[in-house]
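The next block holds one structure in the form of structure tokens; read it before the comments.
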Amino acid sequence: MLLLRPDAVQAQSGLRVETPPYAPPSPARFERLGLEDGLSQNAVLAMLQDRQGFLWFGTQDGLNRYDGYDFVVYKNDPDDPNSLSLNSILALHEDDDGTLWIGTWGGGLNHFDPRSNLWMRYRRDDADPASLCGDTVTALLDDGAGTLWVGTNEGGLCALDRSTGTFTTFRHEPANPASISSNAVAALLLIEDGTLWIGTGGFGTPGAGLDRFDVSRGTFTHFRHDILDDDSLSSNTISALLPNPDGTLWVGTGGFSLPGAGLNRFDPATGRA
């Protein structure tokens with residue numbers, strides 16, 4: 001039997017066929033993968049597809065690589081420093097060379113080469129100002145110019161220079177209004193003009209709004225919720241950022257045990273939501 005599209009039916013019969021704007025398959029079907037399929041844990045907090053086509057899933061109990069058939073699980077081995085530093089994973093990023101960066105909840109940042117199975121760990125060291133700024137890594141962003149930006153839940157924002165393996169840290173300074181507004185960073189976004197946007201809060205820590213970072217000057221501009229201004233951000237806890245082609249930003253709020261206040265469409269040109 002030949003099935004014709006509604007527009008073809010209309011052309012042949014002269015009848016007007018109303019087509020809904022969105023008609024999902026009926027019934028809609030979802031494939032489920034869980035513990036019984038080899039996934040290490042059912043709380044999946046980060047996902048990535050690498051340049052080889054493998055899917056990587058960060059869970060609260062291990063890193064999983066999926067080839068469409070089977071899972072390979074990577075976990076911390078307390079007796080092996082060449083293993084994942086901690087099993088709870090919040091962020092994933094793939095480098096141009098196919099290596100992975102893995103942000104963990106309390107175990108710092110990991111660098112992993114799947115081809116050689118070599119791991120490198122970056123942790124916070126209070127005695128070393130060039131070390132990772134915090135051990136709970138919530139967001140990763142590559143600027144394409146050699147710097148990996150790392151957002152943490154307790155140590156602010158830091159920039160990793162891959163060539164030296166050292167970090168530059170940006171923390172909130174109460175006496176400096178041009179510093180980052182909070183040491184809890186949940187979301188990072190780099191737009192075409194080179195501006196870095198930082199969403200603060202999340203992961204159990206209330207935020208202090210949305211920050212625009214002028215990287216060349218090292219200064220932050222803050223946008224916050226104002227209870228007296230209906231055109232301000234709806235919440236200071238920012239969980240997600242997405243650019244629009246027209247230059248505006250989508251700003252998601254709340255998350256991880258913190259109440260949200262919906263979705264904002266924010267115009268950087270006016271500072272209004």
Side-chain angles (χ1 to χ4, degrees), residues 22-123 132 135-153 160 162 165 186-190 202-203 239-243 252 255-256:
Y22 171 66
S26 180
R29 299 183 64 85
F30 295 85
E31 182 179 356
R32 300 178 182 180
L33 299 171
L35 299 177
E36 64 277 8
D37 303 294
L39 186 68
S40 66
Q41 205 256 356
N42 280 333
V44 179
L45 304 181
M47 297 187 288
L48 177 147
Q49 184 170 21
D50 69 19
R51 62 196 64 243
Q52 302 299 321
F54 291 110
L55 292 170
W56 295 85
F57 301 104
T59 75
Q60 290 182 333
D61 191 27
L63 176 66
N64 298 250
R65 189 189 73 182
Y66 184 57
D67 62 5
Y69 300 95
D70 301 299
F71 287 95
V72 176
V73 177
Y74 302 87
K75 287 190 176 184
N76 170 257
D77 180 347
D79 298 320
D80 184 5
N82 186 49
S83 67
L84 181 65
S85 64
L86 199 74
N87 289 332
S88 185
I89 295 166
L90 296 176
L92 295 171
H93 169 70
E94 183 189 20
D95 253 352
D96 290 339
D97 61 3
T99 57
L100 299 182
W101 294 94
I102 301 138
T104 70
W105 187 290
L109 179 66
N110 292 250
H111 185 221
F112 175 51
D113 186 342
R115 296 159 298 190
S116 62
N117 198 40
L118 290 177
W119 295 79
M120 182 178 294
R121 301 173 179 178
Y122 296 87
R123 300 293 301 266
L132 181 67
D135 279 334
T136 297
V137 176
T138 54
L140 298 170
L141 186 147
D142 189 335
D143 70 358
T147 298
L148 181 70
W149 292 93
V150 182
T152 73
N153 193 50
L160 171 63
R162 290 179 178 84
L188 298 172
L189 173 66
L190 185 69
F203 301 96
S239 56
L241 298 170
L242 182 71
F256 280 83

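We count residues from 1, following the sequence as given. Owing to the predicted nature of the structure, the values given are computational and were not obtained by experimental measurement.
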For side chain to side chain donor-acceptor pair (under 3.5 Å), just list the numbers for Thr59 and Asp61, CA-CA rounded to whole Å, side-chain angles, deciding distance to a tenth of an Å, and then say yes or no.
CA-CA 5 Å; Thr59 75; Asp61 191 27; over 6 Å; no
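- The heavy-atom pair separating Gly202 from Ala186 by the smallest distance is CA-CB, 4.5 Å.
- In this structure the side chain of Phe112 never reaches within 4.5 angstrom of the side chain of Asn82, judged on heavy atoms.
- The shortest distance between side-chain heavy atoms of Phe203 and Thr152 does not fall below 4.5 Å.
- Using modelled atom types, one side-chain atom of Ser239 and one backbone atom of Gly252 make a donor-acceptor pair closer than 3.5 Å.
- Between Arg162 and Asp95, at least one side-chain nitrogen of the basic residue sits less than 4.0 Å from a carboxylate oxygen of the acidic one, meeting the salt-bridge criterion.
- Leu188 contributes atom CG, which lies 9.5 Å from atom CG of Leu190 (distance to the nearest 0.5 angstrom).
- Note that CG of Asn42 is 11.5 Å distant from CZ of Arg32, once rounded to the nearest 0.5 Å.
- For the pair Leu92/Leu100, no side-chain contact is recorded, criterion being any heavy-atom separation below 4.5 Å from C-beta on.
- No donor-acceptor contact under 3.5 angstrom links the side chains of Arg123 and Thr104, judged on distance only.
- Looking at heavy atoms from C-beta onward, Tyr74 lies in side-chain contact with Arg65 at the 4.5 angstrom threshold.
- The distance from atom CG of Asp96 to atom CZ of Arg51, rounded to the nearest 0.5 Å, is 5.5 Å.
- Here the side chain of Asp113 pairs no donor or acceptor atom with the backbone of Asn117 at under 3.5 angstrom.
- For the pair Phe71 and Asp37, the tightest heavy-atom approach, listed with the atom from each and the gap, is CD1-O, 3.3 Å.
- Distance check: Leu84 CG to Arg121 CZ gives 7.5 Å after rounding to the nearest 0.5 Å.
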side-chain contact (heavy atoms from CB on, under 4.5 Å) assessment of Leu189 paired with Leu242: CA-CA 7 Å; Leu189 173 66; Leu242 182 71; over 6 Å; no
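- One N or O on the side chain of Asn110 and one on the backbone of Ser85 form a donor-acceptor pair closer than 3.5 Å.
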Problem - Audit row: Phe256, Asn153, side-chain contact (heavy atoms from CB on, under 4.5 Å) steps and yes/no - result: CA-CA 12 Å; Phe256 280 83; Asn153 193 50; over 6 Å; no
Would Asp67 and Leu55 count as a side-chain contact (heavy atoms from CB on, under 4.5 Å) if you check the C-alpha gap in whole Å, the side-chain angles of each, and the deciding distance to 0.1 Å?
-> CA-CA 7 Å; Asp67 62 5; Leu55 292 170; over 6 Å; no
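- Distance check, rounded to the nearest 0.5 Å: CG of Leu63 to CD1 of Ile89 gives 4.5 Å.
- Contact check for Leu148 versus His93: side-chain heavy atoms found under the 4.5 Å cut-off.
- Taking all atoms of both residues into account, the shortest heavy-atom contact from Val73 to Gly38 is CG2-O, 3.7 Å.
- Here the straight-line distance linking atom OH of Tyr66 with atom CZ of Phe54 works out to 12.5 Å at 0.5 Å rounding.
- Side-chain atoms of Asn64 come within 3.5 Å of backbone N or O of Ser40 as a donor-acceptor pair.
- Leu90 places a side-chain heavy atom less than 4.5 Å from the side chain of Thr136.
- Between Leu86 and Asn76, the closest side-chain pair of non-hydrogen atoms is not below 4.5 Å.
- You'll find the ring centres of Trp101 and Tyr122 inside the 6.0 Å limit.
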_Could you walk me through whether Leu33 and Leu39 satisfy the side-chain contact (heavy atoms from CB on, under 4.5 Å) test, starting with their C-alpha distance in whole Å, then the side-chain angles of each, then the deciding distance to 0.1 Å, before giving a yes or no?_
CA-CA 7 Å; Leu33 299 171; Leu39 186 68; 5.5 Å; no
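- Considering every non-hydrogen atom in both Pro114 and Thr99, the closest pair reads CD-CA, 4.3 Å.
- Counting heavy atoms from C-beta on, the side chains of Leu48 and Glu94 come closer than 4.5 Å.
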